[in-house]
Amino acid sequence: NNTFTLEEAGWKGTLVDNRREVMELNTRIRKSRLCVADPVSVNWHELMQKKPEDILVIDYISFNMDDNILECVKNFPWSTIRFRVLTLKHNEFSHGPLVKEAARRILAEAGYFLLAGDVCNDFIYKPFADWYVDPKSVAPAVFMKYANYGVRGIEVIYKQKIPMAQKFVTRSADLQDEFAARLLGNKGRFLDIYNI
């Protein structure tokens with residue numbers, strides 16, 4: 001999971017999934033707030049307990065969905081629920097480029113910077129995710145060293161093609177949690193949107 005290691009390190013957050021059985025399992029192992037909701041149709045302002053006109057900044061948002069990705073991206077209030085770092089699973093290798101391209105347009109219009117595009121699954125080099133930052137809330141001196149394209153998550157972070165032992169104990173598929181921690185530190189607030 002993209003946020004479990006962050007939670008263990010001291011981050012706090014909210015997990016959103018429409019599968020009740022998954023959330024019931026999570027009550028035994030997760031400390032964060034758990035919300036059973038459909039990420040496509042949920043009222044994000046109510047779920048995040050904020051007024052629609054208020055701006056809420058989340059340090060890290062993980063969009064980890066297999067289906068209905070674009071519908072969820074279109075429904076999300078990017079202007080009032082802001083993020084500092086985001087990883088978005090677009091699954092181009094199985095869905096084709098249309099979802100990815102539409103999501104990129106939406107996020108670019110909202111002022112976000114595509115830092116690592118077409119991040120590939122570890123070892124198989126098939127593009128499945130884009131990693132973003134908000135250049136207004138994360139300094140370029142911090143994030144530009146991670147700019148990359150079409151490589152595995154380990155290469156975004158370590159700039160190497162051969163996997164090597166890492167100090168960060170990750171539970172995410174391709175070091176998404178380490179990416180957030182490197183840019184933002186050991187404490188923060190996350191929103192984990194999961195639907196697989």
Side-chain angles (χ1 to χ4, degrees), residues 1-91 95 98-100 102-114 129-138 171-173 176-177 179-181 183-196:
N1 179 275
N2 291 347
T3 58
F4 191 26
T5 303
L6 296 173
E7 184 181 270
E8 289 181 320
W11 286 55
K12 299 188 182 319
T14 301
L15 293 98
V16 179
D17 195 313
N18 66 350
R19 298 167 300 166
R20 187 169 298 281
E21 66 279 5
V22 171
M23 287 307 204
E24 287 172 2
L25 176 66
N26 274 329
T27 60
R28 288 181 250 159
I29 56 175
R30 299 298 297 263
K31 298 173 191 168
S32 295
R33 180 175 167 236
L34 306 172
C35 298
V36 178
D38 182 354
V40 174
S41 60
V42 68
N43 181 321
W44 288 106
H45 300 293
E46 286 180 12
L47 188 133
M48 298 307 294
Q49 300 169 340
K50 66 177 284 300
K51 295 177 182 175
E53 64 274 13
D54 291 344
I55 304 293
L56 174 66
V57 178
I58 306 288
D59 295 301
Y60 170 52
I61 299 180
S62 169
F63 266 85
N64 194 11
M65 301 176 65
D66 277 346
D67 296 312
N68 301 315
I69 303 159
L70 187 55
E71 291 82 359
C72 187
V73 170
K74 286 178 178 177
N75 182 49
F76 197 82
W78 298 107
S79 61
T80 57
I81 300 179
R82 304 286 298 172
F83 66 81
R84 296 178 67 207
V85 173
L86 169 124
T87 58
L88 181 127
K89 189 174 179 184
H90 57 60
N91 286 330
H95 288 52
L98 296 179
V99 167
K100 173 187 79 176
R104 284 181 177 178
R105 280 192 298 275
I106 291 166
L107 288 164
E109 288 170 8
Y112 296 109
F113 177 69
L114 176 60
D130 285 341
W131 295 0
Y132 292 84
V133 296
D134 180 355
K136 293 180 180 174
S137 65
V138 181
R171 285 192 176 85
S172 63
Q176 292 95 326
D177 48 10
F179 177 66
L183 269 64
L184 304 174
N186 292 328
K187 293 197 177 178
R189 184 174 180 188
F190 63 77
L191 174 60
D192 194 335
I193 303 164
Y194 196 83
N195 184 11
I196 294 180

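Side chains are part of it too, since the values below use all heavy atoms of this structure and drop only hydrogens, waters and symmetry mates.
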Compute the ring centroids of F83 and Y112, then answer whether they are less than 6.0 Å apart.
-> yes
Side-chain heavy-atom pair V36, D17 within 4.5 angstrom cut-off | no
Begin with the C-alpha distance, continue with both residues' side-chain angles, and end with the deciding distance and a verdict on side-chain contact (heavy atoms from CB on, under 4.5 Å) for N64 and N2.
-> CA-CA 8 Å; N64 194 11; N2 291 347; 3.9 Å; yes
Of all heavy-atom pairs linking Q49 and R33, the shortest is NE2-NH2, 3.7 Å
Rounded to the nearest 0.5 Å, how far does CE of M65 lie from CG of N68?
-> 5.5 Å
Give a yes or no on whether the ring-centroid distance for W78 and Y132 is below 6.0 angstrom.
-> no
Got a second to check how far C72's SG is from W44's CH2, nearest 0.5 Å?
-> 5.5 Å
Closest approach of V16 and A37, non-hydrogen atoms and distance?
-> CG1-O, 3.9 Å
Rounded distance [0.5 Å steps], OH in Y60 versus OG1 in T87 = 2.5 Å
For N1 and R30, test the side chains for any donor-to-acceptor distance below 3.5 angstrom and give the result as yes or no.
-> yes
dist I81:CD1 -> I61:CD1 (nearest 0.5 Å) comes out at 7.0 Å
With no hydrogens and no angle check, is any side-chain donor or acceptor of N75 less than 3.5 Å from a backbone partner on V42?
-> yes
Look at D59 together with R189 and state whether they make a salt bridge at an N to O cut-off of under 4.0 Å.
-> no
side-chain contact (heavy atoms from CB on, under 4.5 Å) between F4 and L15, worked out = CA-CA 10 Å; F4 191 26; L15 293 98; over 6 Å; no
Got a salt bridge between K100 and D130, using NZ or NE/NH1/NH2 to carboxylate O under 4.0 Å?
-> no
Thinking salt bridges, do E8 and K31 make one under a 4.0 Å N-O criterion?
-> no
Mind checking whether R84 and L183 have side chains closer than 4.5 Å, heavy atoms only?
-> no
H45 and P52: which non-hydrogen atoms are nearest, and at how many Å?
-> ND1-CA, 3.5 Å
Report yes if some heavy atom in the side chain of L184 is under 4.5 Å from a heavy atom in the side chain of F190; otherwise report no.
-> no
For atom CG of N186, decide whether the heavy atoms of other residues, nucleotides or ligands shown that lie under 6.0 angstrom number more than 12.
-> no
Looking at K136 and D134, does any basic side-chain N land under 4.0 Å from a carboxylate oxygen?
-> no
Shortest non-hydrogen pair, I58 vs M48, comes out as CD1-CE, 3.8 Å
Specify the closest pair of heavy atoms between A103 and L70, including all atoms of both residues, with the distance to one decimal.
-> N-CD1, 4.0 Å
Side-chain contact, heavy-atom cut-off 4.5 Å: K50 with T80?
-> yes
If you measure from OG on S62 to CH2 on W131, what distance do you get to the nearest 0.5 Å?
-> 10.5 Å
Side-chain contact test, heavy atoms from C-beta onward, threshold under 4.5 Å: evaluate it for Y194 versus T3 and give yes or no.
-> no
Could you tell me which residues satisfy salt bridge (Lys or Arg N to Asp or Glu O under 4.0 Å) with D192, sequence neighbours excluded, listed by chain and number?
-> none
I69 versus K89: any side-chain heavy-atom pair under 4.5 Å?
-> no
How many angstroms lie between NZ in K12 and CG in L6, if you round to the nearest 0.5 Å?
-> 13.0 Å
N/O donor-acceptor pair under 3.5 Å between H90 side chain and L98 backbone | no
Residues I55 and S79: closest non-hydrogen pair is CD1-O, 3.3 Å
